[in-house]
Amino acid sequence: MEDFIAEDGNTYEVPMGMPNMGNAKQILYTAMEMGVNIRGHVLVWHSQTPAWFFKQGYDAKNDYVDKATMNARLEWYIKSVMSFIDEFEKKYNDGKHIITIWDVVNEAVSDGAGSQKWLRTDSNWYKVYGNEEFIINAFRFANKYAPKDVLLVYNDYNCYTSGKCNAICNLIDEIRAAPDARIDAIGMQSHVGIDYPAVKGPGSYEATATFTIKTEFAGN
């Protein structure tokens, strides 16, 4: 373990030598060779963050940590990833961005989103926080440590369903209300079939995109 001083001024233990960026380094080299940019996916996701990251002593068998500790771990992780990318780009790519977009948070809204229960409650993130605070903090820390010309995105699927669309809009309102957070776009991930979603009309991509743009990003 090593010490990390979080934004609250307190010192927290974090795993030394992590995160392991070996695979990321190879992907960045490949992108450079091909002359393409990358969309980074993803900093906060219930499906990929290991259980031990949320537990006392980094042991999956232990109890959950408190919010302050989780905030520190979240900040440390995002700072570590952004610092690695920044150093790689400066060393090997003349400082030019290889990763130009980051999905900051992925799939945090419930499929059955309504006015009262609209976040995914089965994630370890929710079990620590009990609300959307971790999402707002993720965008705060991403804004703090990512380059200002790298876009920050909330990504989700089934955005064409009315309940989920409304919930995502509510979430974006909260992110944008945080003075030190930044969100630049919504990623409308596609799980599609021959007959869904509709091309036009209610529940279509067109209707959802139009509603979202008018509601959230008009004039920006």
Which heavy-atom pair separates [X] from [Y] by the least distance, and what is that distance?
X: V65; Y: Q56; result: CG1-N, 3.6 Å
X: F53; Y: L74; result: CZ-N, 4.4 Å
X: R182; Y: V150; result: NH1-O, 3.0 Å
X: V109; Y: A167; result: CG1-CB, 3.6 Å
X: L152; Y: A146; result: CD2-CB, 4.2 Å
X: A108; Y: D156; result: N-OD2, 3.6 Å

Any [X] side-chain heavy atom under 4.5 Å of [Y] side chain:
X: W102; Y: V42; value: no
X: M1; Y: V14; value: no
X: V153; Y: V104; value: no
X: W45; Y: V105; value: no
X: T100; Y: R39; value: no

Can a side-chain donor-acceptor contact be found between [Y] and [X] if the only test is distance below 3.5 angstrom?
X: K55; Y: N124; value: no
X: Y126; Y: N131; value: no
X: R140; Y: Y145; value: no
X: E89; Y: H97; value: yes

Checking the side chain of [X] only, and the main-chain atoms of [Y] only, is there a donor and an acceptor separated by less than 3.5 Å?
X: N93; Y: K96; result: yes
X: T161; Y: G163; result: no
X: K148; Y: N143; result: yes
X: E75; Y: E7; result: yes
X: D66; Y: T69; result: yes

- prompt: What's the verdict on side chain to side chain contact (heavy atoms under 4.5 Å, CB included) for I183 and I175, showing C-alpha distance, side-chain angles and the deciding distance?
  reply: CA-CA 7 Å; I183 181 169; I175 296 168; 3.8 Å; yes
field: Pair F139 + Y154: ring centers closer than 6.0 Å
entry: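 Centroid distance F139-Y154: not below 6.0 Å, so no.
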- request: Would you please indicate yes or no on a ring centroid separation below 6.0 angstrom for Y12 and F4?
  value: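 Ring centres of Y12 and F4 not closer than 6.0 Å.
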Over-ring placement of K164 relative to Y157, 6.0 Å and 45° cut-offs: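 Yes - K164 lies over the ring of Y157, closer than 6.0 Å to its centre and within 45° of its axis.
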- request: Please determine if R73 forms a cation-pi arrangement with Y58, meaning its NZ or CZ atom is less than 6.0 Å from the six-membered ring centre and no more than 45° off the ring axis.
  value: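 That pair qualifies as a cation-pi contact.
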message: For a side chain to side chain contact (heavy atoms under 4.5 Å, CB included) check, start with the C-alpha distance between D103 and L43, then their side-chain angles and the critical distance, and finish with the verdict.
response: CA-CA 7 Å; D103 287 334; L43 297 173; over 6 Å; no
How many angstroms lie between atom [atom1] of [X] and atom [atom2] of [Y], to the nearest 0.5 angstrom?
X: N106; Y: S47; atom1: CG; atom2: OG; value: 8.5 Å
X: C159; Y: N166; atom1: SG; atom2: CG; value: 12.0 Å
X: T11; Y: D3; atom1: OG1; atom2: CG; value: 5.5 Å
X: L28; Y: E33; atom1: CG; atom2: CD; value: 11.5 Å
X: Y29; Y: I98; atom1: OH; atom2: CD1; value: 9.5 Å
X: I38; Y: I99; atom1: CD1; atom2: CD1; value: 5.5 Å

Side chain to side chain contact (heavy atoms under 4.5 Å, CB included) between K127 and T121, intermediate numbers included: CA-CA 7 Å; K127 290 175 182 176; T121 60; over 6 Å; no
For residues 77-85, please give each side-chain donor-acceptor pair under 3.5 Å, one per line with the distance, not counting sequence neighbours.
| residue | atom | partner | partner atom | Å |
| --- | --- | --- | --- | --- |
| S80 | OG | W76 | O | 2.7 |
| S80 | OG | W76 | NE1 | 3.3 |
| S83 | OG | K79 | O | 2.8 |

message: I'd like to know whether W118 forms a side chain to side chain contact (heavy atoms under 4.5 Å, CB included) with I168, so could you lay out the CA-CA distance, the side-chain angles of the two residues, the decisive distance to 0.1 Å, and finally the verdict.
response: CA-CA 9 Å; W118 52 280; I168 291 171; over 6 Å; no
- prompt: Would you call the rings of W125 and F134 parallel, tilted or perpendicular if under 30° counts as parallel and over 60° as perpendicular?
  reply: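 It falls in the parallel class, under 30°.
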